[in-house]
Number of protein chains: 2
Amino acid sequence: MIRSVNPLAQEPRYELIGRVLRENILSGVLPQGFVLLEGPIAAVMQTSRVPVQSALRQLLEDGLIHRFDGRGYLVGQGGADVIPIRRDIRELELEIPQVVDEALQTRGTWRHVYDKVEEEVASCQIFGEFRIVETELADHLGVSRTVVRDVLARLQERGLVRKSPSSHWIAGPLTARTVSEKFELRGIMEPAALRLAGPHIRYAEVEALLERTGTDPGITPQYLGDALLELCIAQAPNTALVEMIRSNRLLLSSVDRALILLGLPRDEDTIEQYQTLLDLITHHPIDSACEYLRYHLSITARRYLARMKIVAVIDETGSFAPYLSPQ
Amino acid sequence: MIRSVNPLAQEPRYELIGRVLRENILSGVLPQGFVLLEGPIAAVMQTSRVPVQSALRQLLEDGLIHRFDGRGYLVGQGGADVIPIRRDIRELELEIPQVVDEALQTRGTWRHVYDKVEEEVASCQIFGEFRIVETELADHLGVSRTVVRDVLARLQERGLVRKSPSSHWIAGPLTARTVSEKFELRGIMEPAALRLAGPHIRYAEVEALLERTGTDPGITPQYLGDALLELCIAQAPNTALVEMIRSNRLLLSSVDRALILLGLPRDEDTIEQYQTLLDLITHHPIDSACEYLRYHLSITARRYLARMKIVAVIDETGSFAPYLSPQ
DNA sequence: CACCTATGTTATACGAAGTACAGTTTTTCC
DNA sequence: GGAAAAACTGTACTTCGTATAACATAGGTG
């Protein structure tokens, strides 16, 4: 049973805030006598004052802070000799761990489990058709059916699962046709987005990436694909378009990751194609880059389909998440 | 309180099946002594046997059918002299009303309320920002919060509502920017789809439509727009693309309907543009039609934005569904 | 800081509908 | 006329759709 990818994501905000304050008091970042005020803390944590209140109450009980004759709380056990330090908490550089920060950003259990389920559901589809039973998934995730249904409804909207005629949840199979359609869509939308993005690309960053490509072994085709999306295509000033491009790529890249995990060799010459593309983007009219992107996608689609066929031959049904039962 | 657009849609299947059988018995289509078997009835109704069983039990209680020494039920009150008629029910041409047939197709309360909510939520957005409260919507629709949350989650996925930072549901406002983005998307996707659709268009039907255009006063720009989508663009052999085009148009056409309801004059010359377009599609290379479609969309976008500005001046907040409260 | 409101989530329950299988009736074919 | 095959029913089991109550959390406001 998994509760979440980020274990802190489940905790209420006041716990997270309390945790941050506690650690900063113990580490000395918040000095004895420092005046803690609700409002500024809420501002730093990007939340409202209510959870800050709860956190402070808890810290008071734990004896880490104390009240005094004035507004707010003082850090430390208290005593007559402590002089209140009144400074803006924003100047103090509180240490806020990455995980806590993330957990503060997102709300809703379903968000925390969604990504994991999405990835697992998407990547199983090369291996055929799978059935998902709500209660099994709920047990597996350690959440209620309500949350599971929320997740599944959204997966359905994004086209990753569907309902059988008897209204059971079905994922896959990923057919050559589906893949072709998705690449066809990429060929329509991504060059168009790149053209729109033209004036908004931060060329220095692209150039820096281009420099590293070829020497840095950490730069895989996947990395380049994502970077191209983020640095160039996603700069298009049309959020709806970018959103569609993202959601269209979702299944393809999940499958890609799954294929890599399966040990399929990645082809080296796509790196060359990316280099050419990045070069065109930085040094030539954007239209030529768009044209080349279209060409690149048509090649990639063929390669992708060829790799899928290999898997179909392997038919090694690796290990799927237990809630995914092959049909 | 509204329960549904189609009042029968809420009823369980066995009720619908019972209703059909009852009416066909009373009208005499099902003669006295006819042997009613579960399986065949289920096949006719396109369902499983379970609801048919329930329906038959109910009819038995009502005295419209009776059991006999054999499998199934006999139509009529019964008596020693009735001779069982064994014939395939499919030969009998049961009268199945349109509404019942529709209701049998769809399942799930949320489906029945979804369209209505979608339309209302979409069309309010020209008038600014609206808040939706789950419980109010639930009361209004006469359903539980469960269903409402399902509907809202899907509206969110389709980009018609969003969450405020305090995670309240917000619809709108429809800004000029949003509209421009959506038309930009149309300009990218619809010509591309039209090109793909080229070989699959049933030209006879398009020609028939073209004939009627100009003479038949029932052919409005809206009608033509929908027809163009269905007859030509949606014929593209890429379901994902067509799906995206549909969902992208959703908000635009809802707003369009709202504007017409508001009494804004429709411009007559778009009909001419549609005529030109249909003519190009039927009699010329598809590329020229694509090009013209792109041009047409850019004009339409400008007109659309101009009409929206008029409404902004009117700022007459007509009557919205009661669960939509302006911010 | 207290109160009010709305959302997120859980748990539970029940009805509706599909599936599978065993057992029975009807049909078919010799 | 009788046996095998096909069709049908009864029934238990499973899953999904929805309702409902309840509670914690968080935001807003005076």
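Lettering of chains follows the sequences in order, A, B, ..., and the numbering in each one begins at 1.
Residue contacts for B:I17: at a heavy-atom cut-off of 4.0 Å it reaches no nucleic acid atom on any strand shown. Looking at heavy-atom distances under 4.0 Å, A:R49 makes contact with a base. Within 4.0 Å of A:S167, counting heavy atoms only, lie sugar-phosphate atoms of the nucleic acid but no base atom. Residue contacts for A:S166: at a heavy-atom cut-off of 4.0 Å it reaches the sugar-phosphate backbone alone, with no base atom in range. Among the heavy atoms of the strands lying under 4.0 Å from B:I132 are primed sugar atoms or P, OP1, OP2 only; no base atom is included. The residue B:V147 sits close only to the backbone: its heavy atoms come under 4.0 Å of sugar-phosphate atoms, none of a base. In this structure, B:T47 reaches the sugar-phosphate backbone alone: every heavy-atom distance under 4.0 Å involves primed, P, OP1 or OP2 atoms, never a base. Across all strands shown, B:P40 has heavy atoms under 4.0 Å from sugar-phosphate atoms exclusively, and none from any base. Within 4.0 Å of B:R131, counting heavy atoms only, lie sugar-phosphate atoms of the nucleic acid but no base atom.
Taking every side-chain heavy atom of B:V133 into account, C:dA6 is the closest of C:dG18, D:dG10, C:dA6.
Atoms CZ (B:R71) and P (C:dT26) sit 6 Å apart, rounded to a whole Å. Going from atom CG of B:L16 over to atom C1' of C:dA16 covers 12 Å, rounded to whole Å. Atom pair A:E136:CD and D:dC13:P shows a separation of 18 Å (rounding to whole Å applied).
Between the side chain of B:R13 and the base of C:dG18, no donor-acceptor pair of N or O atoms lies under 3.5 Å. Donor-acceptor pairing under 3.5 Å, judged by distance alone, is present between the side chain of B:R145 and the base of C:dG8.
The side-chain heavy atoms of B:L250 and B:R246, taken from C-beta on, include no pair separated by under 4.5 Å. Counting heavy atoms from C-beta on, the side chains of A:Y323 and A:V121 come closer than 4.5 Å.
The distance from the CD atom of B:E136 to the CZ atom of B:R131 is 8.5 Å, given to the nearest 0.5 Å.
In this structure, B:E129 pairs ionically with B:R162, as a charged nitrogen and a carboxylate oxygen lie closer than 4.0 Å.
Between B:H168 and B:T146, the residue anchored nearer the 5' end of DNA chain C, judged by the nucleotide with its closest heavy atom, is B:H168. Taking the nucleotide of DNA chain C with the nearest heavy atom to each of B:F68 and A:E38, the more 5' of the two is matched to A:E38.
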